[in-house]
Amino acid sequence: MRAVQITSLTGPDDVVVTDVPAPQAADDQVLIDVRAAGVAFPEVLLTRGQYQMKPDLPFVPGAEVAGVVASAPAGSGLSVGDRVAALPLLGGFAEQVAAPADLVFPLPDSMSFEQGASVIFNYGTAYFALVERGRLAAGERVLVHGAAGGIGTASIQVAKAFGASDVVAVVSTHEKGEVALAAGADAYVLLDGFRDSVKERGGVDLVVDPVGGDRFTDSLRCLREDGRLLVIGFTAGSIPEVKVNRLLLNNVEVTGVGWGAYVLGRPGHVRKEWDAMLPHLESGALAPVVGATYPLDDVARALHDIDERRATGKIVLTP
């Protein structure tokens with residue numbers, strides 16, 4: 001079968017598309033014919049050996065897919081031909097992949113495969129951040145950085161679906177602002193001077209920050225009393241520091257959001273999140289924003305879109 005392989009740790013330009021042996025599913029795995037595979041920032045890091053998971057070379061990346069069940073173990077509740085979303089963790093940038101049965105989920109008929117490949121990472125992270133770690137309460141106001149990207153658009157929709165009264169998006173351009181509004185944001189502000197714009201609106205209760213960098217202190221200043229700043233990642237490259245007196249004086253929190261290690265260390269937790277989100281996926285309240293869709297041969301372009309922060313919504317490969 002055709003698949004993407006990382007054969008050296010020299011960056012996105014050196015990934016290759018080649019023929020590899022088809023996977024053999026273990027007794028506790030589901031074999032999936034891949035229709036779409038989501039591309040995320042960890043895959044960019046994997047091409048450089050900068051991610052915490054360091055598979056032996058060569059390997060097939062691709063953590064998140066949607067497709068059709070080719071085989072399933074007895075007792076999994078799945079049958080050949082079922083439409084599913086899955087988290088194989090590796091191997092998804094291929095025509096076929098094997099995934100643990102407990103990380104394979106029925107895909108609502110109303111969702112496309114491209115949307116299905118855009119749910120688990122981004123919406124799982126957003127749900128974990130806002131609901132589980134951030135304790136989002138009905139009527140609270142939320143600020144979302146990187147709001148036109150995959151995590152950003154997911155956070156906008158999760159915040160609204162789970163009770164936020166107002167979601168303000170932070171973006172770098174008006175074009176990205178329109179993407180955030182289409183995803184469900186109530187308003188957007190430009191990154192340059194966002195603090196003053198947000199404070200004029202009365203501040204926020206939660207900040208979702210997958211970007212990091214020098215916006216961090218201004219984000220803290222946007223928080224109301226009892227506010228929470230959710231640290232999801234550092235796509236800007238630099239890791240900010242916090243002067244803890246700001247937390248004390250304003251009674252605010254900085255909360256780490258490490259979704260992957262947390263949920264994968266707790267069997268059944270991803271299923272719990274999926275079940276909580278499923279009614280909103282079925283209703284359309286959670287509707288993944290799919291950005292560019294590329295064939296496998298254009299995988300380097302997809303990785304560069306993310307690495308160079310050109311992506312809006314979720315980038316998807318179609319084998």
Side-chain angles (χ1 to χ4, degrees), residues 1-5 20-40 42-43 46 51-53 55-56 59-128 131-132 154 258-282 286 288 296 314 316-319:
M1 68 171 187
R2 297 183 76 241
V4 172
Q5 264 197 340
V20 302
Q24 301 296 313
D27 291 343
D28 61 346
Q29 290 184 316
V30 178
L31 190 64
I32 300 167
D33 292 326
V34 178
R35 297 289 186 265
V39 187
E43 272 97 35
L46 280 169
Y51 195 54
Q52 53 261 42
M53 181 172 59
D56 293 334
F59 66 91
V60 177
E64 182 180 19
V65 303
V68 176
V69 173
S71 68
S76 67
L78 296 168
S79 302
V80 174
D82 284 351
R83 302 171 76 252
V84 293
L87 198 67
L89 301 179
L90 284 174
F93 291 180
E95 294 176 328
Q96 203 171 56
V97 69
D102 64 341
L103 294 176
V104 180
F105 311 100
L107 185 65
D109 290 339
S110 58
M111 298 183 69
S112 68
F113 288 119
E114 290 80 5
Q115 288 179 310
S118 308
V119 175
I120 301 176
F121 260 3
N122 288 347
Y123 285 79
T125 297
Y127 178 87
F128 181 62
V131 178
E132 297 185 73
W259 177 80
Y262 186 94
V263 300
L264 295 177
R266 292 164 171 78
H269 198 91
V270 181
R271 172 74 62 178
K272 173 186 170 184
E273 294 177 340
W274 181 272
D275 290 345
M277 293 188 290
L278 184 58
H280 302 290
L281 292 168
E282 292 173 335
L286 302 183
L296 283 185
K314 182 78 168 184
V316 175
L317 296 176
T318 53

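What you see is a predicted model, and the numbers here were worked out from it, not measured in a lab. These numbers come from the heavy atoms of this one structure, side chains and all, not from hydrogens, waters or symmetry mates.
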>> T318 vs R35, test: side chain to side chain contact (heavy atoms under 4.5 Å, CB included). Steps then yes/no.
In response: CA-CA 6 Å; T318 53; R35 297 289 186 265; over 6 Å; no
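- Annotation: side-chain hydrogen bond (donor to acceptor under 3.5 Å, both in side chains) contacts of Q29 (sequence neighbours excluded): none.
- Remark: R83 qualifies as a cation-pi partner of F113 under the 6.0 Å distance and 45° angle criteria applied to the six-membered ring.
- Panel note: side chain Q5, backbone F59; no donor-acceptor pair is recorded below 3.5 Å.
- Note that OG of S76 is 8.5 Å distant from CG of D82, once rounded to the nearest 0.5 Å.
- In this structure the side chain of V84 never reaches within 4.5 angstrom of the side chain of F105, judged on heavy atoms.
- Between V270 and L103, the closest side-chain pair of non-hydrogen atoms falls below 4.5 Å.
- Using a 4.5 Å cut-off on side-chain heavy atoms (C-beta onward), S71 and V30 make no contact.
- One distance of note links CG of L278 with CG of L286; it measures 10.0 Å at 0.5 Å rounding.
- In plain terms, the two heavy atoms of V119 and P288 that are nearest each other are CG2-CG, 3.7 Å.
- A side-chain donor-acceptor contact under 3.5 Å links E64 to the backbone of F121.
- Of all heavy-atom pairs between A66 and L107, the closest is CB-CD2, 4.5 Å.
- In this structure, L264 and L87 approach most closely via the heavy-atom pair CD2-CD2, 4.3 Å.
- Looking at every heavy atom in both residues, A63 comes nearest to E43 through N-OE2, 3.3 Å.
- Scanning all heavy atoms of the two residues, the minimum distance from G91 to V97 falls at O-CG2, 3.4 Å.
- Atom CG of residue L296 and atom CZ of residue R2 lie 6.0 Å apart, to the nearest 0.5 angstrom.
- Atoms NZ and CD, on K314 and Q115 in that order, are 13.0 Å from each other to the nearest 0.5 Å.
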>> For a side chain to side chain contact (heavy atoms under 4.5 Å, CB included) check, start with the C-alpha distance between V39 and L317, then their side-chain angles and the critical distance, and finish with the verdict.
In response: CA-CA 7 Å; V39 187; L317 296 176; 3.7 Å; yes
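- Using a 4.5 Å heavy-atom cutoff, the side chains of Q96 and D33 are in contact.
- With values rounded to the nearest 0.5 angstrom, D109 atom CG is found 9.5 Å from E282 atom CD.
- Smallest separation of non-hydrogen atoms from P100 and V104: O-CG2, 3.3 Å.
- Counting heavy atoms from C-beta outward, S79 and V69 have side chains that stay 4.5 Å or more apart.
- Enclosure of atom CG in D27 is not indicated, since only 12 or fewer non-hydrogen atoms of other residues, nucleotides or ligands lie within 6.0 angstrom.
- Atom CH2 of W259 sits about 13.0 Å away from atom OH of Y127, to the nearest 0.5 Å.
- Formation of a donor-acceptor pair under 3.5 Å by the T125 side chain with backbone atoms of N122 is not found in this model.
- Here the side chains of L90 and P55 are in contact, with some heavy-atom distance below 4.5 Å.
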> Run the side chain to side chain contact (heavy atoms under 4.5 Å, CB included) check on D102 and R271 step by step: do they pass?
Replying inline: CA-CA 7 Å; D102 64 341; R271 172 74 62 178; 5.7 Å; no
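- Between Y262 and F128, the angle of the ring planes lies from 30° to 60°, which puts this pair in the tilted group.
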> Between V316 and S118, does a side chain to side chain contact (heavy atoms under 4.5 Å, CB included) hold up when you go through it step by step?
Replying inline: CA-CA 8 Å; V316 175; S118 308; 3.9 Å; yes
